[in-house]
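Here is the structure we will look at, set down as structure tokens.
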Amino acid sequence: MRVGFQIAFNRINGLHCAKRSLAVAVLVMMCIVYAAACSRLFIVKPIGTYGDAIAFRFYDITDEQPSRHNIVDLYVQEYIGDGKWSSVWMLKGKQSLEEIVYGQRYEGLTEVIPPKALSLNGAYRVFVSDLPMFEPAGGASAGFAFDTRGNLILK
């Protein structure tokens, strides 16, 4: 009798473990879906030529016209080799803008790292975050460099 009870207990316990594992898997999947739904992408497009103004223009994914975004941070990094990047300019704060020009100051955005001169031979990337009032936070990034004539090339 005792052996039969132990076998039945082990089967029930195993069933509970399977249900618990399934519940944990479902919870993890729900967290992943929630995290994905709580962020939003937009587009940042670097434009300009070396030696002139380099602008970072913002677009919604579904729109071809520039759009205003409540920018909370922007940073530009230069590739320094061996998979490493160095920040060459950083802004933090909050300001609604359609574009940001490299090196310019903006009300509502604090310059955390002052702009360093860009190099004709450098490889760069820009990261931007926004925080709209009624939508999830968003982010955008782009890579760029310059050709030998100074034309900006998207990477």
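Each of Val101, Ile47, Val76, Val128 was scored for a side chain to side chain contact (heavy atoms under 4.5 Å, CB included) with Phe56, with one residue passing: Val76. Between Asp130 and the options Arg68, His69, Lys94, a side-chain hydrogen bond (donor to acceptor under 3.5 Å, both in side chains) holds for only His69.
Under the salt bridge (charged side-chain N to carboxylate O under 4.0 Å, His left out) criterion, Glu98 pairs with no residue, sequence neighbours left out. With sequence neighbours left out, the salt bridge (charged side-chain N to carboxylate O under 4.0 Å, His left out) criterion links Glu78 to no other residue.
Scanning both residues, Ala123 and Ala145, for their nearest heavy atoms gives CA-CB, 4.4 Å. Looking at every heavy atom in both residues, Ile43 comes nearest to Ile61 through CD1-CA, 4.1 Å. Nearest heavy atom pair, residue Tyr50 against residue Ile54, reads N-CD1, 4.4 Å. When all heavy atoms of Pro46 and Val126 are compared, the closest pair comes out as CG-CG1, 4.3 Å. Across all their heavy atoms, Ser86 and Ile80 have their closest contact at CB-CG2, 3.8 Å.
Side-chain contact between Lys92 and Asp73 is present, with heavy atoms from C-beta onward closer than 4.5 Å. Between Tyr102 and Val88, the closest side-chain pair of non-hydrogen atoms falls below 4.5 Å.
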- Would you check, one step at a time, whether the test side chain to side chain contact (heavy atoms under 4.5 Å, CB included) holds for Ser119 with Tyr124? CA-CA 9 Å; Ser119 167; Tyr124 300 93; 3.5 Å; yes
Note to self: With side chain to side chain contact (heavy atoms under 4.5 Å, CB included) as the criterion, how do Leu109 and Ile100 come out once you've worked through the C-alpha distance, each side chain's angles and the decisive distance to 0.1 Å?
What the structure shows: CA-CA 11 Å; Leu109 294 172; Ile100 291 179; 4.0 Å; yes
- prompt: Should Ile113 and Trp89 be marked as a side chain to side chain contact (heavy atoms under 4.5 Å, CB included) after you check the CA-CA gap, both sets of side-chain angles, and the distance that decides it?
  reply: CA-CA 5 Å; Ile113 297 175; Trp89 191 45; 5.6 Å; no
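The CG atom of Leu120 lies 8.0 Å from the CG atom of Asp147; values are rounded to the nearest 0.5 Å. Atom CD of residue Glu107 and atom OG1 of residue Thr110 lie 11.0 Å apart, to the nearest 0.5 angstrom. For the atom pair NZ of Lys45 and CZ of Phe144, the computed distance is 14.0 Å after rounding to the nearest 0.5 Å. Rounding to the nearest 0.5 Å gives a distance of 10.0 Å between CZ of Arg57 and CD of Gln65. How far CZ of Phe146 is from CG of Leu118: 5.0 Å, rounded to the nearest 0.5 Å. Here OG of Ser141 is found 9.5 Å from CZ of Phe42. Values are rounded to the nearest 0.5 Å.
Between Trp85 and Tyr79, the two ring planes are perpendicular [angle over 60°; tilted spans 30° to 60°].
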